[in-house]
Amino acid sequence: VWACGWYGVLLHSDDGGETWEAQSIGEDEYRVLHRARFSDPLNGWAHADLSGYLWDERVDGHNPGEDNGIRAPVAYHRTTDGGRSWRQAQGQIIEVVYFGDVDKAREADRRYLSATQFADTRFGVIAAILGAARETTNGDEYVVYRGHSILTTHDGGETWSMHVFGDARPNDRVDPTWGPTTPVESIAIVDDQYVRIPANGGEALHFFRSDDAGRTWKAIAGNPRNG
């Protein structure tokens, strides 16, 4: 059993949660790890993001968006020995495909990773929420919701294709920790081909579907408040 948290800490239990061992994999205090995922007992991935630090109120020079640009490399942590050791790596985005409200998607300049799933050592999917930076009259920065992105790799994370779904509500601010727009929290991969991703954007629920191992995507819209 694995659990992730602040300060780059991974917790591991091999007795069903009775006892836990903490591991640090090198992230700083501003970052939170999101869900370590293993495709088999040896191979695992985890990624970190700046959840909870989206408003630029810091005075120490740390910029919440400095490594979260929408086209920035995909950073992650990788283990091939069952979690005994981890290495930092990053993959390049080699393809960008826009769908949904393309104009809103092109406004996005922030990408906050929120969920990871790997079917095997080569095929994996990462979901992210998208935002666009805005500035208040007194100079503070906040981020407005602009949709979701889905990143897919077929070579173990070396290269990624990114599908960008544009969506927006006029005053929807992004905060991965409490909403009103919340990030993707789960990804399901079935038979190494069928991928399903539920995503909440404002009041609308979007269900992203791929039937070809993430090479193409469809968005199905609904409204969870109407059941």
Side-chain angles (χ1 to χ4, degrees), residues 1-17 19-54 62 64-70 72-93 110-130 148-162 174-177 182-189 192 195-199 208 213-214:
V1 181
W2 291 87
C4 301
W6 291 95
Y7 308 107
V9 171
L10 277 171
L11 298 174
H12 176 244
S13 174
D14 57 9
D15 56 10
T19 61
W20 293 85
E21 178 185 1
Q23 299 179 1
S24 177
I25 59 176
E27 290 293 352
D28 66 26
E29 63 181 298
Y30 306 116
R31 302 175 71 92
V32 59
L33 285 172
H34 292 276
R35 297 179 180 81
R37 297 299 191 192
F38 284 75
S39 62
D40 57 49
L42 295 178
N43 291 279
W45 292 259
H47 66 261
D49 218 331
L50 296 163
S51 296
Y53 288 91
L54 305 190
H62 181 78
E66 66 184 5
D67 56 358
N68 287 45
I70 185 172
V74 183
Y76 57 94
H77 299 269
R78 179 83 164 89
T79 180
T80 57
D81 57 10
R84 293 182 179 86
S85 62
W86 294 80
R87 64 176 176 87
Q88 289 183 304
Q90 66 179 26
Q92 298 300 316
I93 295 174
R110 298 286 193 271
R111 184 187 69 208
Y112 302 99
L113 308 181
S114 62
T116 304
Q117 188 64 274
F118 272 77
D120 52 41
T121 58
R122 297 186 64 80
F123 172 38
V125 179
I126 294 178
I129 193 168
L130 298 179
H148 295 271
S149 71
I150 305 167
L151 299 115
T152 306
T153 181
H154 291 275
D155 57 14
E158 295 295 322
T159 60
W160 298 80
S161 296
M162 181 170 67
V174 176
D175 182 347
T177 61
T182 53
V184 171
E185 296 184 348
S186 63
I187 300 171
I189 302 176
D192 297 339
V195 189
R196 304 293 184 263
I197 304 175
F208 297 105

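No hydrogens, no waters, no symmetry mates; every other heavy atom, side chains included, goes into these values.
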Asker: Kindly compute the distance separating CZ (Arg196) from CD (Gln117), expressed to the nearest 0.5 Å.
Answerer: 14.0 Å
Asker: Has the side chain of Thr79 got a donor or acceptor atom that lies under 3.5 Å from a matching backbone atom of Asn43?
Answerer: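 No; zero donor-acceptor contacts below 3.5 Å.
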Asker: Atom CZ in Arg37, atom CD1 in Ile187: separation rounded to 0.5 Å?
Answerer: 8.0 Å
Asker: As an exercise, state the distance from CD1 of Ile189 to CG of Asp120, rounded to the nearest 0.5 Å.
Answerer: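 Ile189 atom CD1 to Asp120 atom CG measures 8.5 Å (nearest 0.5 Å).
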Asker: Looking only at atom types and distance, does a side-chain atom of Arg111 sit under 3.5 Å from a main-chain N or O of Ala72, one as donor and one as acceptor?
Answerer: yes
Asker: To the nearest 0.5 angstrom, please state how far the CG atom of Asp81 sits from the CH2 atom of Trp86.
Answerer: 9.0 Å
Asker: Between Ala115 and Ser186, which heavy-atom pair has the shortest distance, and what is it?
Answerer: CB-N, 4.1 Å
Asker: Of the non-hydrogen atoms in Thr153 and Glu158, which two are nearest, and what is the gap between them?
Answerer: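 That closest heavy-atom pairing would be OG1-N, 4.1 Å.
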Asker: If I compare all heavy atoms of Ile126 with all of Trp160, which pair ends up nearest, and what's the gap?
Answerer: CD1-CH2, 3.5 Å
Asker: Below 30° counts as parallel, above 60° as perpendicular, anything between as tilted: where do the rings of Trp45 and Phe118 land?
Answerer: parallel
Asker: Please enumerate all residues that pass side chain to side chain contact (heavy atoms under 4.5 Å, CB included) together with Leu42, with sequence neighbours excluded.
Answerer: Asp40
Asker: Working to the nearest 0.5 Å, report the span between CD1 of Ile93 and CG of Leu151.
Answerer: 5.5 Å
Asker: Applying side-chain contact (heavy atoms from CB on, under 4.5 Å), run through Met162 and Ile70 and close with a yes or a no.
Answerer: CA-CA 10 Å; Met162 181 170 67; Ile70 185 172; 3.9 Å; yes
Asker: Can you measure from CZ (Arg110) to CD1 (Ile129) and round to the nearest 0.5 angstrom?
Answerer: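 Rounded to the nearest 0.5 Å, the CZ-CD1 separation comes out at 14.0 Å.
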Asker: Under the side chain to side chain donor-acceptor pair (under 3.5 Å) rule, collect the residues that match up with Ser39, sequence neighbours excluded.
Answerer: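 Checked Ser39 against side chain to side chain donor-acceptor pair (under 3.5 Å); zero matches.
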Asker: What pair of heavy atoms forms the shortest contact from Phe123 to Thr152, and how long is it?
Answerer: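 Answer, listing the atom of Phe123 first, then Thr152: CE1-CG2, 3.7 Å.
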Asker: So, for Ala213 and Asp192, which heavy atoms are closest and what is the spacing to 0.1 Å?
Answerer: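 Scanning both residues completely, I find the closest heavy atoms to be CB-O, 3.9 Å.
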Asker: What are the two closest non-hydrogen atoms of Ser13 and Asp15, and how far apart are they?
Answerer: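 Of all heavy-atom pairs spanning Ser13 and Asp15, the closest is OG-OD1, 2.8 Å.
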Asker: Considering only heavy atoms from C-beta outward, does the side chain of Arg87 approach that of Arg78 to under 4.5 Å?
Answerer: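 Yes; the side chains approach each other to less than 4.5 Å.
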Asker: Check for a donor-acceptor pair, side chain of His148 on one end and backbone N or O of Phe208 on the other, with a separation under 3.5 Å.
Answerer: no
